[in-house]
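Notes follow once the structure below has been shown.
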Amino acid sequence: MKNLLITLFLLLGSFSGNQIQAKDKKFPIGYALDIKKITDEKIKYIKGLGIDYIELAGIGAMLEKNLQETTVDAKWNVRMQEIADILKRHKVKVWSVHMPFSKHLDISRLDEEGRLRVLEAQNNVLKVLKPVKPHIVLFHPSFYLEKNVRDQRAMQLKKSVESLNKSVKALRATMVVENMLGPELTVGDRERPLMRTVEEAQMLFKTFPKDVGIAVDFCHIARPENLLAAFGSRVKTLHVSNGNGKAEDHLLPCDPRGSNDWNAIFATLERIKYKGVYMHECKFNDEEEIVECYNTRWNNYQTSKKSKH
């Protein structure tokens, strides 16, 4: 009897501790999930882990790879409604949608006819997304660039952002543009994509509509807390992963091969009063790893804060 009481006490204490831990979490958790992998079983599983939001990935599958066609097959309308129904059943929401990107789908294209075709394709995708009611719609600013055309590409990007922002607002969503990897300007015979540094991102955003936000990718830049601090309230969403700003590693935040300072990142998110989802775009074997890693990083941060007082 005594052993049974001790066991019950420990179980209750463990349950209580988990409840407190959940209550103290600063940011809701999300992760990028390919639209082809969304099933009742998958969404039920992640909901049970405490993941309440997803980013729709793999959207490029809706479009013809080389943009010979800008239309979206009607089957995707059916699929988006299926996804909306699955998510509603399990009370999981689409926080963000990662819009298609490639050399052909570059919204900063110099050839005007090509740029307008890209916008036509992107707008066709946006129409299909209506059933899932995304909060954030994310675009890459460019693909890799030819050398010495950066200023011209920036001007094309400005026009595209202004146009797409209107379409995104018609969806009652917020448009964001993501910072891109760029430890150095050139790689081989190409230049890195636009928005490769804090300074370039700031310069470009001065030309964008004020209600367009930034998506900060923690893998694309060394010391992402600097980019977070520079943009403050314009930070509308995140791509959480570990890295060093030199490669598209997108490591799990607990992977020791990355060099991100998680305490500095959390402190900056609190300082800028970030109100969005802690959205992961990282490698993992099971979604449970994402949640466990988040708990570890967050608890370490809380311990660090207490030790300073």
Side-chain angles (χ1 to χ4, degrees), residues 32 55 57-60 63 65-67 96-112 114-119 121-122 125 136-165 168 175-208 212-224 226-228 230-231 234-241 243-251 260 279 281-282:
E55 174 173 283
I59 300 294
L63 293 171
K65 186 177 180 181
N66 297 321
L67 208 62
S96 48
V97 175
H98 197 311
M99 293 296 281
F101 65 95
S102 68
K103 177 181 178 180
H104 298 287
L105 280 164
D106 188 335
I107 64 176
S108 78
R109 279 175 62 160
L110 289 177
D111 60 310
E112 189 63 6
R115 186 185 72 86
L116 292 175
R117 278 183 66 81
V118 172
L119 296 194
Q122 299 281 11
V125 171
I136 299 288
V137 179
L138 182 153
F139 292 87
H140 279 196
S142 77
F143 199 68
Y144 288 87
L145 312 180
E146 310 86 347
K147 287 185 177 179
N148 304 315
V149 296
R150 211 164 188 86
D151 290 344
Q152 299 96 302
R153 288 286 205 137
M155 292 174 65
Q156 293 294 83
L157 174 63
K158 173 182 179 292
K159 291 192 290 186
S160 293
V161 169
E162 288 173 348
S163 176
L164 289 168
N165 188 43
V168 171
M175 178 178 177
V176 299
V177 184
E178 179 182 0
N179 67 298
M180 303 304 292
L181 182 71
E184 64 285 312
L185 178 61
T186 59
V187 53
D189 60 353
R190 303 182 295 176
E191 285 190 8
R192 297 281 187 176
L194 295 171
M195 282 181 60
R196 54 172 283 269
T197 65
V198 173
E199 294 74 22
E200 185 174 56
Q202 288 176 311
M203 180 192 72
L204 289 168
F205 264 78
K206 287 178 181 177
T207 72
F208 296 168
V212 172
I214 189 171
V216 176
D217 189 302
F218 294 175
C219 173
H220 286 170
I221 192 167
R223 300 196 65 186
N226 291 339
L227 185 57
L228 292 169
F231 276 83
R234 287 190 87 168
V235 178
K236 301 300 181 184
T237 194
L238 313 171
H239 273 168
V240 177
S241 65
N244 55 22
K246 295 180 181 179
E248 294 275 3
D249 292 324
H250 290 281
L251 304 169
N260 283 341
M279 179 60 65
E281 187 191 47
C282 63

I'd like to know if the side chain of [X] reaches the main chain of [Y], judged simply by a donor and an acceptor atom lying under 3.5 Å from each other, with no hydrogens or angles considered.
| X | Y | answer |
| --- | --- | --- |
| Asp249 | Leu251 | no |
| Asn179 | Asp217 | yes |
| Gln156 | Leu110 | yes |
| Arg153 | Leu194 | no |
| His140 | Phe101 | no |

I'd like to know whether Met99 forms a side-chain contact (heavy atoms from CB on, under 4.5 Å) with Val125, so could you lay out the CA-CA distance, the side-chain angles of the two residues, the decisive distance to 0.1 Å, and finally the verdict. CA-CA 8 Å; Met99 293 296 281; Val125 171; 3.7 Å; yes
Examine the side chains of Arg115 and Ser160 and answer whether a donor and an acceptor come within less than 3.5 Å of each other.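 A pair is found: one side chain offers a donor N or O, the other an acceptor, under 3.5 Å apart.
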Under a plain distance cut-off of 3.5 Å, with no hydrogens placed, do His98 and His239 share a side-chain donor-acceptor pair?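 No, because no side-chain N or O of His239 sits under 3.5 Å from a partner of the opposite role on His98.
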With sequence neighbours left out, what residues match Arg150 under salt bridge (charged side-chain N to carboxylate O under 4.0 Å, His left out)?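 Scan of Arg150 (salt bridge (charged side-chain N to carboxylate O under 4.0 Å, His left out), adjacent residues dropped) gives Glu191, Glu200.
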Name all residues meeting the salt bridge (charged side-chain N to carboxylate O under 4.0 Å, His left out) criterion together with Arg223; count only those two or more places apart in sequence or in a different chain, and write none if there are none.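 In terms of salt bridge (charged side-chain N to carboxylate O under 4.0 Å, His left out), with neighbours along the sequence ignored, Arg223 is linked to Glu225.
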Minimum-distance pair of heavy atoms, taken over all atoms of [X] and [Y]:
| X | Y | result |
| --- | --- | --- |
| Val198 | Ala230 | CG1-CB, 3.8 Å |
| Glu55 | Ser96 | OE1-OG, 2.8 Å |
| Asp106 | Pro141 | OD1-O, 4.0 Å |
| Asn260 | Ser241 | ND2-O, 3.0 Å |
| Thr207 | Leu204 | OG1-O, 2.6 Å |
| Ala121 | Leu105 | CB-CD2, 4.2 Å |

Pairwise distance [atom1]([X]) to [atom2]([Y]) - rounded to 0.5 angstrom:
| X | Y | atom1 | atom2 | result |
| --- | --- | --- | --- | --- |
| Lys103 | Leu67 | NZ | CG | 13.0 Å |
| Met195 | Ser142 | CE | OG | 9.5 Å |
| Ser163 | Met175 | OG | CE | 9.0 Å |
| Gln152 | Leu157 | CD | CG | 13.5 Å |
| Glu178 | Leu238 | CD | CG | 10.5 Å |
| Thr186 | Asn148 | OG1 | CG | 10.0 Å |

Test ring-ring contact (aromatic ring centres under 6.0 Å, His included) applied to His104 - qualifying residues, sequence neighbours left out: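 Counting only residues at least two positions away or on another chain, His104 forms no ring-ring contact (aromatic ring centres under 6.0 Å, His included).
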Asn66 atom CG, neighbour heavy-atom count above 12 within 6.0 Å: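 Counting neighbours around CG of Asn66, more than 12 heavy atoms of other residues, nucleotides or ligands fall under 6.0 Å, so yes.
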Are there over 12 heavy-atom neighbours, none belonging to Met203, within less than 6.0 Å of that residue's CE?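 Count over threshold, so yes.
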Go through the steps to decide whether Glu112 and Lys159 satisfy the test salt bridge (Lys or Arg N to Asp or Glu O under 4.0 Å), and finish with yes or no. CA-CA 10 Å; Glu112 189 63 6; Lys159 291 192 290 186; 3.3 Å; yes
A side-chain contact here means heavy atoms from C-beta on lying under 4.5 Å apart; do [X] and [Y] qualify?
| X | Y | answer |
| --- | --- | --- |
| Val97 | Ile136 | no |
| Phe208 | Val177 | yes |
| Phe218 | Glu281 | no |
| Met180 | Tyr144 | no |
| Val240 | Met279 | no |
| Lys158 | Val161 | no |

Verify side-chain contact (heavy atoms from CB on, under 4.5 Å) between Val176 and Val137, making sure each step is shown before the conclusion. CA-CA 6 Å; Val176 299; Val137 179; over 6 Å; no
Using the side-chain contact (heavy atoms from CB on, under 4.5 Å) rule, take Phe231 and Val216 through it: C-alpha gap first, then chi angles, then the decisive distance, then the call. CA-CA 9 Å; Phe231 276 83; Val216 176; 5.8 Å; no
Check Lys246, Arg192, Arg196 against Glu184 for a side-chain hydrogen bond (donor to acceptor under 3.5 Å, both in side chains) and give me the one that passes.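 Among Lys246, Arg192, Arg196, the one that satisfies the side-chain hydrogen bond (donor to acceptor under 3.5 Å, both in side chains) with Glu184 is Arg192.
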Step-by-step side-chain contact (heavy atoms from CB on, under 4.5 Å) determination, Leu227 to Ile214: CA-CA 10 Å; Leu227 185 57; Ile214 189 171; 4.2 Å; yes
